[in-house]
Amino acid sequence: MLVSRKCQEEQLQNVYATPVMGSVASDEPIPQYTLPENPLAPEIAYRLIKDDLIDEGNARQNLATFCQSYMEPEAVKLMAETLEKNAIDKSEYPQTADLENRCVNIIADLWHAADQDDFIGTSTVGSSEACMLGGMALKFAWRKRAAEKGLDIQARKPNLVISSGYQVCWEKFCVYWDIEMRLVPLDKNHMSLNLGRVLEFVDDYTIGVVAIMGITYTGKYDDVEGLNNLLEEYNNSHDLPVYIHVDGASGGMFAPFIYPDLKWDFRLKNVISINTSGHKYGLVYPGVGWILWKDKQYLPTELIFNVSYLGGSMPTMAINFSRSASQIIGQYYNFLRYGRQGYISIHQRTRDVAVYIAAEIEKTGLFEIYNDGKNIPIVCWTLRETANKPWSLYDLADRVRMNGWQVPAYPLPENMADCIIQRVVVRQDFNMQIATQFINDFNQAIKELDAAKLLVHGEDTGNKGPSGFIH
Ligand SMILES: *Cc1c(COP(=O)(O)O)cnc(C)c1O
């Protein structure tokens with residue numbers, strides 16, 4: 001039986017008059033797996049969901065992520081006010097489309113696309129989508145070149161060459177597109193792409209080599225200039241050229257400001273496409289990414305589609321169709337608001353904090369620093385065997401978590417998997433004051449672990465005493 005409209009309204013009004021904390025809805029667990037029958041007052045729904053998320057930890061103490069956990073209130077306001085704009089609707093929101101285009105141009109300039117270069121690029125949801133596009137372009141372009149040169153392209157699987165410190169999106173790309181992933185192993189002396197070995201993995205079926213600017217595990221930059229020179233030699237003596245895509249998810253928006261003289265971008269002849277995550281050192285909330293090709297010739301036309309735009313048409317090459325344009329607008333806000341000098345000052349300060357943290361961790365004498373925060377502002381270290389501690393980095397991670405810090409410990413990839421490292425990613429909202437607090441807590445955690453009798457991840461010491469820490 002249908003409840004009368006009037007009765008329904010009265011019920012709703014009662015709900016509105018109820019204090020949130022005294023509401024019936026607050027008196028019971030919220031429905032989780034089925035759609036609730038009746039509406040809730042908005043402020044009650046807001047509070048219930050907000051509180052449901054309460055135990056997730058403070059994003060700013062999450063030192064595991066590269067993703068931004070702070071934006072200026074004006075940026076947040078602007079983004080909240082533009083959530084309804086659909087980034088793909090170029091003709092409905094032509095001004096928004098223009099902002100995206102401005103961002104692509106600004107990034108092309110940051111990455112030194114030359115005047116004569118006919119660059120093309122797009123925003124994406126993040127670097128994963130951008131890498132997918134970069135990889136697809138490599139594959140399509142290789143196939144065309146290879147067929148023209150008369151290579152039997154069916155004879156073998158095409159391959160992609162990358163260091164074993166790759167981010168998982170490249171594995172996805174290779175699985176989705178049936179590409180053989182050729183991993184140049186990292187080792188103790190080569191914590192980024194090993195230039196001494198990379199050419200062993202390259203042949204006529206290589207669609208490209210990916211250089212990583214900011215290996216996710218360790219923060220190291222691949223030597224892109226060295227790779228460019230190697231491939232230049234290779235290309236001069238082979239029929240089928242091999243080009244470089246740079247995965248600059250983190251470094252692509254960091255190096256241009258802090259290492260303006262480091263050549264890793266379109267200044268290098270064989271670098272033909274680059275991706276970055278706007279939501280990492282582009283300083284935007286997730287998710288926005290970017291990919292640019294140095295020249296249209298490297299983006300096969302099959303991958304370009306047209307959408308209508310102001311009565312005409314506009315090229316699009318992103319995989320996703322509809323999504324909010326607010327992140328793109330947030331990116332443009334940052335560019336306009338900070339300018340080059342603003343990005344330099346933020347990144348420089350962020351780097352100072354990383355260098356400070358690395359120095360303090362080194363001072364304990366217990367750890368070997370693998371990355372000292374200078375490339376991208378991440379610090380990573382391993383526990384020295386000579387430290388001779390009964391606890392591991394996993395115990396330390398648990399212990400600093402008690403002060404809210406999320407500092408993950410994890411194994412390195414592939415043939416270095418027996419090496420456990422711990423990593424801190426420093427972001428703009430982690431200032432020197434917070435860093436000193438973190439270091440205090442970190443040192444205190446070490447003291448407590450040293451004094452502890454029972455270790456959650458430790459070896460069984462046979463101690464049958466009361467569980468917990470004994471101070
Ligand atoms: C973070 C990261 C990615 C994935 O980027 P998303 O923007 O999170 O999709 C890819 N490659 C590298 C090197 C990364 O650090």
Side-chain angles (χ1 to χ4, degrees), residues 65-68 103-113 117 119-135 137-138 160-163 165-170 173 192-193 208-228 231 243-284 286-294 298-299 331 334-335 340 343-344 347 350-351 371 374-378 425 427:
T65 182
F66 284 91
C67 283
Q68 285 305 304
C103 288
V104 168
N105 277 269
I106 289 169
I107 295 168
D109 186 44
L110 282 176
W111 293 345
H112 299 95
D117 289 343
F119 65 82
I120 186 168
T122 180
S123 73
T124 58
V125 179
S127 278
S128 302
E129 185 188 355
C131 293
M132 199 65 60
L133 291 167
L138 287 178
L160 180 80
V161 176
I162 190 169
S163 99
Y166 67 88
Q167 208 268 358
V168 66
C169 69
W170 290 107
F173 165 72
S192 58
L193 187 68
V209 180
V210 173
I212 308 172
M213 281 293 282
I215 293 197
T216 324
Y217 294 89
T218 61
K220 296 253 189 263
Y221 288 156
D222 282 345
D223 175 1
V224 192
E225 189 172 12
L227 178 65
N228 176 71
L231 287 178
Y243 298 120
I244 303 168
H245 172 88
V246 179
D247 179 356
S250 54
M253 288 281 208
F254 195 81
F257 299 108
I258 299 301
Y259 294 106
D261 297 330
L262 181 71
K263 288 206 182 109
W264 63 276
D265 54 15
F266 293 138
R267 280 168 289 185
L268 301 174
K269 184 174 166 198
N270 296 299
V271 170
I272 56 155
S273 50
I274 305 174
N275 70 274
T276 195
S277 299
H279 51 235
K280 291 184 177 174
Y281 292 102
L283 308 180
V284 186
V288 61
W290 301 94
I291 176 158
L292 269 69
W293 290 265
K294 177 189 238 167
Y298 299 115
L299 178 63
Q331 181 78 75
N334 282 353
F335 285 154
R340 189 187 300 270
Y343 267 95
I344 290 175
H347 288 350
T350 308
R351 181 178 176 275
N371 195 57
K374 289 183 182 152
N375 285 326
I376 47 172
I378 84 174
V425 178
R427 300 184 303 272

Would you indicate whether the side-chain heavy atoms of L227 and D222 approach each other to under 4.5 Å? no

If you compare all heavy atoms of G208 against all heavy atoms of L160, which two are closest, and at what distance to 0.1 Å? O-CD1, 3.6 Å

Under 6.0 Å from the six-membered ring centre of F266 and within 45° of its axis: does the NZ or CZ of K294 meet both? no

Is it the case that the side chain of R351 and the backbone of K374 share a donor-acceptor pair, with hydrogens and angles ignored and the cut-off at 3.5 Å? yes

Of all heavy-atom pairs linking H347 and L283, the shortest is CE1-CD2, 3.9 Å

With rounding to the nearest 0.5 Å, note down the distance linking CD1 in I215 to CD1 in I376. 9.5 Å

With a 4.5 Å cut-off on side-chain heavy atoms, are H245 and I291 touching? yes

Is any side-chain heavy atom of D265 closer than 4.5 Å to one of V271? no

So Y298 and S273, side-chain contact (heavy atoms from CB on, under 4.5 Å) or not? Walk me through it. CA-CA 8 Å; Y298 299 115; S273 50; over 6 Å; no

Judged by atom type as modelled, is there a donor-acceptor pair below 3.5 Å linking the side chain of N270 to the main-chain atoms of I244? no

Output for pair (I107 CD1, Q331 CD), nearest 0.5 Å, gives 5.5 Å

On a heavy-atom basis, the closest approach of K220 and N371 is NZ-OD1, 3.7 Å

Rounded to the nearest 0.5 Å, what separates atom CD1 in I378 from atom OG1 in T218? 6.5 Å

Can you check side-chain contact (heavy atoms from CB on, under 4.5 Å) on Y217 and I212, steps first, answer last? CA-CA 11 Å; Y217 294 89; I212 308 172; over 6 Å; no

Does the E225 side chain pair with the main chain of W264, one donor and one acceptor, at a distance under 3.5 Å? no

For the pair N334 (side chain) and G282 (backbone), establish whether a donor and an acceptor sit closer than 3.5 Å, ignoring hydrogens and angles. yes

Taken to the nearest 0.5 Å, the spacing of L292 CG from S123 OG works out to 10.5 Å

Exercise: identify the closest heavy-atom pair between T216 and Q167: OG1-CG, 3.6 Å

Just wondering, do F254 and N375 contact through their side chains at under 4.5 Å, heavy atoms? no

Could you label the plane-to-plane angle of the Y343 and F257 rings as parallel, tilted or perpendicular, counting under 30° as parallel and over 60° as perpendicular? parallel

Side chain proximity check, R427 to T65, heavy atoms < 4.5 angstrom: yes

So C131 and W170, side-chain contact (heavy atoms from CB on, under 4.5 Å) or not? Walk me through it. CA-CA 7 Å; C131 293; W170 290 107; 3.4 Å; yes

Counting C-beta onward and ignoring hydrogens, is there a side-chain heavy-atom pair between L110 and R340 closer than 4.5 Å? yes

Report yes or no: do N275 and S127 form a side-chain donor-acceptor pair below 3.5 Å? yes

Taking all non-hydrogen atoms of both residues, which atom of L262 and which atom of M213 are closest, and how far apart? CD2-CE, 3.9 Å

Contact check, side chains of T276 and Y281, non-hydrogen atoms, under 4.5 Å: no

As an exercise, state the distance from CG of L138 to CG of L299, rounded to the nearest 0.5 Å. 10.5 Å

I want to check something: taking the side chain as every heavy atom from C-beta on, are W111 and P256 in contact at a cut-off of under 4.5 Å? yes

